[in-house]
Structures are given as C-alpha cells and as structure tokens.
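Just below is one structure, and these are the notes that go with it.
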Amino acid sequence: SQELEQSPQSLIVQEGKNLTINCTSSKTLYGLYWYKQKYGEGLIFLMMLQKGGEEKSHEKITAKLDEKKQQSSLHITASQPSHAGIYLCGADTSNAGKSTFGDGTTLTVKP
Amino acid sequence: KAGVTQTPRHLIKTRGQQVTLSCSPISGHRSVSWYQQTPGQGLQFLFEYFSETQRNKGNFPGRFSGRQFSNSRSEMNVSTLELGDSALYLCASSLGQISYEQYFGPGTRLTVT
C-alpha cells in the first residue's frame, strides 16, 4: 500500500481561486517536503516541514504539518497559471534518510 | 551555484543492453540519491550515496547499481535492460547526513525498445 497518499489526484481551478492539496502518511513522519514538477522535468524544492504544527510560506504557497494526523497540506492563494504543474509530497518515514513520495497532484489553472 | 546536472538527457537502448547514467551534484553536496519515475509507479527511491558509500537502498533488483566518486559525482548502471526500465531517472543532491532538502536534476529519459 502507498505510504503517502495525496489528494486530490488532479485539480482544475480558475485563476485567482484558492486551493488545497493534502498529503497523508500511513507511518510516522520524520520530515516532510513539498516539490513541484513540470511534466518530464526535475522536481523543484518548495519547502520542508519537520515539526508538528510547523507552517511555512513561500510567496503565495503555504504548507502546514499536522504531526498527530500524520498529514500535511499545501495551500495556494490566488492561483496563477504559473502555479500549474504536478505537486509531490515526499517524506522520510524511516528516520534513516530514505525518501518516499506520493503519486502527485496535477494542478491546472485556467486563465 | 550551478544546479544538479545529469547526462545524457535522453537515451534509447535495446533490451538486454546495459546503460550508465551520470549525475553531478551541487558543489559542496555530499549526498546523491537516485529515483525512477514512471506513470504507473510514480517516483521510487533507488539508492543514496554519501561520501562514496551506499547509505540507503530501495527495492530494486540487483541489475540496478550505482557508485559515487570522491568528487561526489555519481553514476547509475542498469544491466540487462528490460522494457519496464523505460522511465525518467532523476538524481538529487543534498548537503549530507540526513537532509531532506534535496535538489533534483532535470532527469535522464531512458527508453528501452
């Protein structure tokens, strides 16, 4: 079974709308990170969360970590076409530096 | 600083052949990890090298191997290629020890015919 479940699998929003992507782990999280990927290209690091309750923001993207729920959410405010892409959450669920990733959420932003 | 570079960017091989992919990490980064990405399986961890030693390994057959040189550059080798090995192979570098802030290269697209 998948260690990291992302939801939704895909999302289509109108430009200017807010959206949230969730990442839930079936195991204890020892660090969670969010990446963005353009199809067929490498991953771009967005942010890393390590402590329960931690929240980080970069421009219009905010990520939170709920350690008790073993869950993280990525929130985009006032989406723009430049936000389109595949968002992946990754985590170390072994505390040994071994990374596992979710299947990704494909975001389309309609102008 | 220059980013992570991978060569070649695209590769076409025939079943049964072997292939070597190269990854140059960001200067000063000592950890290099390799991943395989396919539409069906997503992004899967292959292995990680730190200071020329394999520190972690994913669940891939022994046909997949790697190594890291003293300058932290890494190579990945796949022997006896199978059709299912067609994928985007990504490498990522980080400062080292257990660091989750990984920086990815653009990937090598391998097609096995």
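Every chain is numbered from 1, with letters handed out A, B, ... down the list of sequences. What you see is a predicted model, and the numbers here were worked out from it, not measured in a lab.
A donor atom on one side chain and an acceptor atom on the other are not found under 3.5 Å apart for Thr105(A) and Gln9(A).
Under the side chain to side chain contact (heavy atoms under 4.5 Å, CB included) rule, Leu4(A) has a single partner from Cys89(A), Ser26(A), Ser72(A), which is Cys89(A).
Only the side chain of Tyr35(B) comes within contact range of chain A, with at least one heavy atom under 4.5 Å from a heavy atom of that chain. Heavy atoms closer than 4.5 Å to chain A are found in the side chain of Leu90(B), but not in its backbone. With a 4.5 angstrom heavy-atom cutoff, Gln6(B) does not touch chain A via any of its atoms.
Taking the centre of each ring, Tyr35(A) and Tyr87(A) stay at or above the 6.0 Å mark.
A salt bridge is absent between Lys17(A) and Glu15(A): the closest approach of a Lys/Arg side-chain nitrogen to an acidic carboxylate oxygen does not fall below 4.0 angstrom.
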